[in-house]
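Ligands are counted one by one from 1 in listed order, and the atoms in each one are counted from 1 as well. Computation of the quantities below employed the complete heavy-atom set of this structure, encompassing side-chain atoms and omitting hydrogens, waters and symmetry-equivalent molecules.
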Amino acid sequence: MVASAKMIVDKDFIIGEVDKRIYGSFIEHLGRAVYGGIYEPDHPLADEQGFRTDVLELVRSLQTPIIRYPGGNFVSGYDWKDGIGTKESRKKRLELAWRTIEPNQVGLNEFADWCNKAGADVMWAVNLGTQGPDDARSIVEYSNHPGGTYWSDLRAQHGYQQPHAIKTWCLGNEMDGPWQIGHKTAEEYGRIACETAKVMKWVDPSIELVVCGSSSRGMATFPEWEATVLEHTYPHVDYISLHTYYGNKQNDTAAFLARSLQMDDFIRSVIATCDYMKAKKRSKKTMMLSFDEWNVWYHSNEADSQIEPWQVAPPQLEDVYNHEDALLVGCMLISLLKHADRVKMACMAQLVNVIAPIMTQNGGKAWKQTIFYPFQHVSVFGRGQALVPLIQSPKYDTKEITDVPYLEAIAVHNEADAELTVFAVNRDTDNALPLQVDLRSFGMCRVIEHIVLEHSDLKATNTADAPDRVKPHRGGNAAIADRVVSATLPKASWNVIRLKLESSH
Ligand code: AHR
């Protein structure tokens with residue numbers, strides 16, 4: 001008997017409204033993300049500001065609404081003032097987080113311009129490693145205050161009369177990590193984050209703040225870190241961050257594809273810790289989550305250990321992603337949607353060249369990595385209400401996780417466009433999985449398209465010379481009869497089944 005899976009989708013079983021900011025991304029001053037990635041004045045396709053238009057076009061096609069910047073580990077040693085004023089006057093600095101030279105040719109104003117061109121908002125991280133409340137309040141004043149003060153007038157002198165109106169700010173980066181410049185204990189960080197949050201919001205009460213949670217679920221201080229940090233900051237912040245990266249160093253694909261269940265568990269634990277603190281504080285506010293670094297990261301580890309220090313924009317963290325990575329990325333996106341009620345922002349880390357969906361050659365081409373596709377599909381079609389995925393699926397066990405469903409899936413209902421989209425991964429690398437989706441509460445529907453990302457080689461990659469080796473096709477076999485969608489999910493595949501809702505009953 002062929003194993004099959006079932007899913008019930010009911011329009012009244014709503015997890016939550018999908019906040020489009022869960023399709024955020026991240027650009028750090030690291031490797032070739034900025035220099036050679038988004039910015040390369042000598043490139044034949046550079047615009048008048050030196051931004052690569054080929055890269056901008058790819059970024060726009062992802063419809064990513066918010067981009068975290070300028071780090072990452074980089075931010076904990078960064079002086080934001082090095083990145084403003086005339087480009088000729090900007091200092092070159094030793095960058096200690098990634099052991100490079102930072103030329104500071106892109107800073108706050110240029111990045112805000114680039115984000116405008118990309119159709120995204122800036123999410124700015126302040127330095128709480130070597131700096132503190134004073135620099136944080138000054139940058140909010142420089143960026144957001146209308147005028148008539150030292151910092152806001154300086155912005156105008158720099159050519160930016162209008163404030164950038166940056167709404168979302170991160171209070172440092174991964175401050176729990178011993179690798180972080182200015183690493184702190186939870187007590188130390190909680191106190192400085194609280195005082196920094198207060199002065200930033202006094203400068204601009206309309207901003208929202210993200211406090212640092214743990215840099216992974218595997219940290220020894222997790223989840224005590226979250227509890228202590230929130231003890232200090234709960235009334236002053238709006239989100240707590242989560243970060244996670246997975247790899248397949250053991251070459252165990254079944255275990256690798258199961259990792260998103262650990263992401264689910266991580267999210268659930270952080271929600272529990274937030275809600276404990278809500279009760280303890282007798283607070284009316286529910287803390288939301290910002291999963292502001294997530295991805296696959298391991299392919300480049302060995303190459304990175306060979307890179308000579310103190311270069312400008314060396315090729316760091318340039319993971320070349322394969323087909324199985326795209327499947328896990330699809331599962332991770334489904335994890336975010338499964339928690340749409342509490343995860344309100346998320347950033348795939350990162351966007352260009354550095355563990356990224358977009359790769360470039362200096363002076364040459366730009367192309368899409370395998371992971372580009374699930375991210376683009378969910379960002380474009382995953383807008384609306386995430387619906388509870390009631391799933392029956394055959395399961396398997398790995399060394400670390402038991403009862404891993406072969407089917408990972410969720411549906412998003414876009415009422416405004418009268419569309420329902422099912423996102424589904426078949427984790428089974430040997431067999432196709434027949435799927436039935438019961439749409440009991442929906443009226444007449446038709447299948448718009450069934451997009452499939454599949455490949456006979458799990459390790460297949462896209463390169464500058466073969467950019468389309470792994471790419472989706474529209475030949476999936478989803479069909480609908482009596483309000484039940486039937487589809488075959490090919491082995492090891494990512495699927496997007498788009499349905500048009502033609503009547504409400
Ligand atoms: O995204 C790469 C790095 O991963 C970031 O700089 C850091 O925050 C995390 O450890």
Peer 1: Cation-pi check for F26 against R68: NZ or CZ below 6.0 Å from the six-membered ring centre and within 45 degrees of the axis, yes or no?
Peer 2: yes

Peer 1: To the closest 0.5 Å, what do you measure between OG1 (T233) and CD1 (I240)?
Peer 2: 6.5 Å

Peer 1: Considering non-hydrogen atoms of the protein only, which is the closest contact for atom 9 (C) of ligand 1, and what is the distance?
Peer 2: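 It is E293 OE1, 3.0 Å.
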
Peer 1: Assess whether atom NZ of K91 is packed by more than 12 heavy atoms of other residues, nucleotides or ligands within 6.0 Å.
Peer 2: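 Open: at most 12 neighbouring heavy atoms sit under 6.0 Å from NZ of K91.
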
Peer 1: Given R68, Q350, E28, which has its nearest heavy atom closest to atom 6 (O) of ligand 1?
Peer 2: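 Shortest heavy-atom distance from atom 6 (O) of ligand 1: E28.
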
Peer 1: Of all the non-hydrogen atoms in the protein, which one sits nearest to atom 10 (O) of ligand 1, and at what distance?
Peer 2: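 Sorting protein heavy atoms by distance from atom 10 (O) of ligand 1 puts E174 OE1, 2.7 Å first.
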
Peer 1: To check you understand the geometry: which heavy-atom pair defines the closest contact between I22 and K344, and what is its length?
Peer 2: CG2-C, 3.7 Å

Peer 1: Which atoms of ligand 1 have any heavy atom of Y245 under 4.0 Å away?
Peer 2: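 Matching atoms, with element in brackets: 1 (O), 2 (C), 4 (O).
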
Peer 1: For the residue pair Y69 and F111, categorise the inter-ring angle as parallel (less than 30°), tilted (30 to 60°) or perpendicular (more than 60°).
Peer 2: parallel

Peer 1: Just to verify, which of L317, D325, T461, I355 counts as forming a side chain to side chain contact (heavy atoms under 4.5 Å, CB included) with H299?
Peer 2: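 Among the candidates, only D325 passes.
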
Peer 1: Contact between I355 and ligand 1, counting heavy atoms under 4.0 Å?
Peer 2: yes

Peer 1: Taking distance alone, with N or O pairs closer than 3.5 Å, would you say W297 contacts ligand 1?
Peer 2: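 No; the residue has no nitrogen or oxygen that sits under 3.5 Å from a nitrogen or oxygen of the ligand.
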
Peer 1: Using a 4.0 Å heavy-atom threshold (strictly under), name the region of N73 that reaches ligand 1: side chain, backbone, both or neither.
Peer 2: both

Peer 1: What are the atoms of ligand 1, with element, lying closer than 4.0 Å to any heavy atom of G72?
Peer 2: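 Per the distance check, 5 (C), 6 (O), 8 (O).
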
Peer 1: Determine whether Y142 and N109 satisfy the following criterion, side-chain contact (heavy atoms from CB on, under 4.5 Å), listing intermediate values before the conclusion.
Peer 2: CA-CA 10 Å; Y142 181 91; N109 294 318; 2.9 Å; yes

Peer 1: Determine whether the aromatic ring centres of residues F291 and H339 are separated by less than 6.0 angstrom.
Peer 2: no

Peer 1: Hey, is V354 touching ligand 1 through its side chain, its backbone, both or neither, going by heavy atoms under 4.0 Å?
Peer 2: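 The answer is neither.
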
Peer 1: Work out whether the distance between some heavy atom of F26 and some atom of ligand 1 is less than 4.0 Å.
Peer 2: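 The answer is yes, since F26 has a heavy atom less than 4.0 Å from ligand 1.
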
Peer 1: What I want to know is whether W98 and ligand 1 share at least one N or O pair that is separated by under 3.5 angstrom.
Peer 2: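 N/O-N/O distance under 3.5 Å: no.
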
